[in-house]
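Here is the structure we will look at.
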Amino acid sequence: MLQRFTRPLAALALLASGGVAAIAAPSAAQASELPAYLQCVPYAREVSGIQIFGDAHTWWEQAAAKYERGNTPRVGAVMAFRPHRNMRLGHVAAVSKVIDSRTVLLDHANWSPINGRRGQIEKDVKAIDVSRNNDWSQVRVWYHPQGGLGVSQWPVHGFIYGDGKARQQPRRIAPPTRMAVTKAPSKTFASAFAGMKPKAASASYRQAPALQPVRGQVQARSGYREATPLAPVRRQAAAPKANTGDPFAQIIARYDSK
């Protein structure tokens with residue numbers, strides 16, 4: 001349904017005076033290059049730099065993942081209209097100037113029928129915010145056949161802020177690669193330790209004496225003396241043993257030599 005927008009459309013330069021848009025009539029050569037029915041979407045994309053495609057009513061949701069959105073007008077932003085009445089596909093228009101908190105000028109296409117033809121470009125046409133809270137949720141827009149602001153109030157999603165740059169998307173971090181873990185050691189490794197008996201672990205600390213009840217004395221919330229703190233045991237380094245009688249050392253030496 002959308003017509004392709006090309007650079008020759010920029011030849012339709014429009015002059016604004018007091019908020020009234022003047023439409024420059026194209027030459028015969030230019031008219032032959034114009035599409036029969038210019039839609040608002042390709043024109044808004046051209047003048048704003050916002051790279052969103054599809055019908056106008058889909059722009060607001062599409063912009064959520066790519067551009068900043070809000071309810072404050074800004075030059076270069078796109079005003080996204082909600083579908084309303086006969087405007088079932090919505091509408092998009094670029095903000096060309098901010099007059100005050102209630103008034104902006106818009107550049108858009110296919111809004112007013114001019115000289116009996118739709119799909120025309122209008123530049124610097126007035127739009128005012130008529131919402132109760134000044135949040136630009138309801139607007140009235142210049143309508144050429146009436147020579148002024150239209151009587152209809154059009155619902156608006158808000159503004160899409162392109163500023164020529166798309167929002168940077170968050171980087172997706174790939175999940176860590178799981179390493180394969182074998183359920184049992186290899187036969188070669190297991191056979192090397194066959195027949196060995198594990199040695200009892202030597203204690204590095206003295207065992208604390210058991211708690212003894214205190215006779216004739218009252219301790220706060222306790223009837224026992226505090227245990228003697230653990231004291232490290234100083235051990236002398238044992239002289240290295242020869243590998244001749246230690247099967248574990250023989251196995252380690254065999255693997256270290258490989």
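Only heavy atoms go into these numbers, but all of them, side chains included; no hydrogens, no water, no symmetry mates. Counting from 1, the numbers follow the sequence of the chain as shown.
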Within the distance-only criterion (no hydrogens, no angle test), does the side chain of [X] pair as donor or acceptor with the backbone N or O of [Y] below 3.5 angstrom?
{"X": "D135", "Y": "S137", "value": "yes"}
{"X": "R69", "Y": "G158", "value": "no"}
{"X": "S112", "Y": "I114", "value": "no"}
{"X": "Q62", "Y": "F53", "value": "yes"}
{"X": "E122", "Y": "A109", "value": "no"}

Excluding sequence neighbours, so at least two apart, what forms side chain to side chain contact (heavy atoms under 4.5 Å, CB included) with [X]?
{"X": "V75", "value": "V98"}
{"X": "R102", "value": "D100, D129, S131, N134"}
{"X": "I99", "value": "K97, T103, L105"}
{"X": "A93", "value": "F81, H91, L106, H108"}

Fill in the blank from the handout: When rounded to the nearest 0.5 Å, the distance separating CZ of R45 from CD of Q39 is 11.5 Å
Handout entry: Rounded distance (nearest 0.5 Å) linking atom NZ of K123 with atom CG of D107
Key = 4.0 Å
Where is the tightest heavy-atom contact between [X] and [Y], given as atom of each residue plus distance?
{"X": "S48", "Y": "A44", "answer": "OG-O, 2.6 Å"}
{"X": "A56", "Y": "C40", "answer": "CB-SG, 4.1 Å"}
{"X": "P113", "Y": "Y143", "answer": "CD-OH, 3.5 Å"}
{"X": "N110", "Y": "G119", "answer": "OD1-N, 3.2 Å"}
{"X": "A80", "Y": "V92", "answer": "CA-CG1, 4.3 Å"}

Please list, chain by chain and in numerical order, all residues satisfying ring pair (Phe, Tyr, Trp, His ring centres under 6.0 Å) with [X], sequence neighbours excluded.
{"X": "F159", "value": "W136"}
{"X": "H57", "value": "none"}
{"X": "W60", "value": "H157"}

Fill in the blank from the handout: Across all chains, not counting sequence neighbours, the side-chain hydrogen bond (donor to acceptor under 3.5 Å, both in side chains) partners of Q51 are none
Please examine the side chains of [Y] and [X], heavy atoms only from C-beta on, and report whether any two atoms are closer than 4.5 Å.
{"X": "P155", "Y": "Q138", "answer": "yes"}
{"X": "W111", "Y": "V125", "answer": "no"}
{"X": "V156", "Y": "R82", "answer": "no"}

Problem - Sequence neighbours excluded, every pair satisfying side-chain hydrogen bond (donor to acceptor under 3.5 Å, both in side chains) that has a member inside residues 145-155 - result: R85-S152
Problem - Trace of the side-chain contact (heavy atoms from CB on, under 4.5 Å) decision for L149 with V141 - result: CA-CA 5 Å; L149 292 171; V141 183; 5.7 Å; no
Handout entry: side-chain contact (heavy atoms from CB on, under 4.5 Å) assessment of W59 paired with V41
Key = CA-CA 9 Å; W59 274 45; V41 167; 3.6 Å; yes
Problem - Contact list for residues 56-65, test salt bridge (charged side-chain N to carboxylate O under 4.0 Å, His left out), sequence neighbours left out - result: none
Practice task
Report the C-alpha separation of I50 and Y161 in whole Å, then their side-chain angles, then the decisive distance to 0.1 Å, and conclude whether the side-chain contact (heavy atoms from CB on, under 4.5 Å) test is met.
Solution key: CA-CA 8 Å; I50 295 177; Y161 307 119; over 6 Å; no
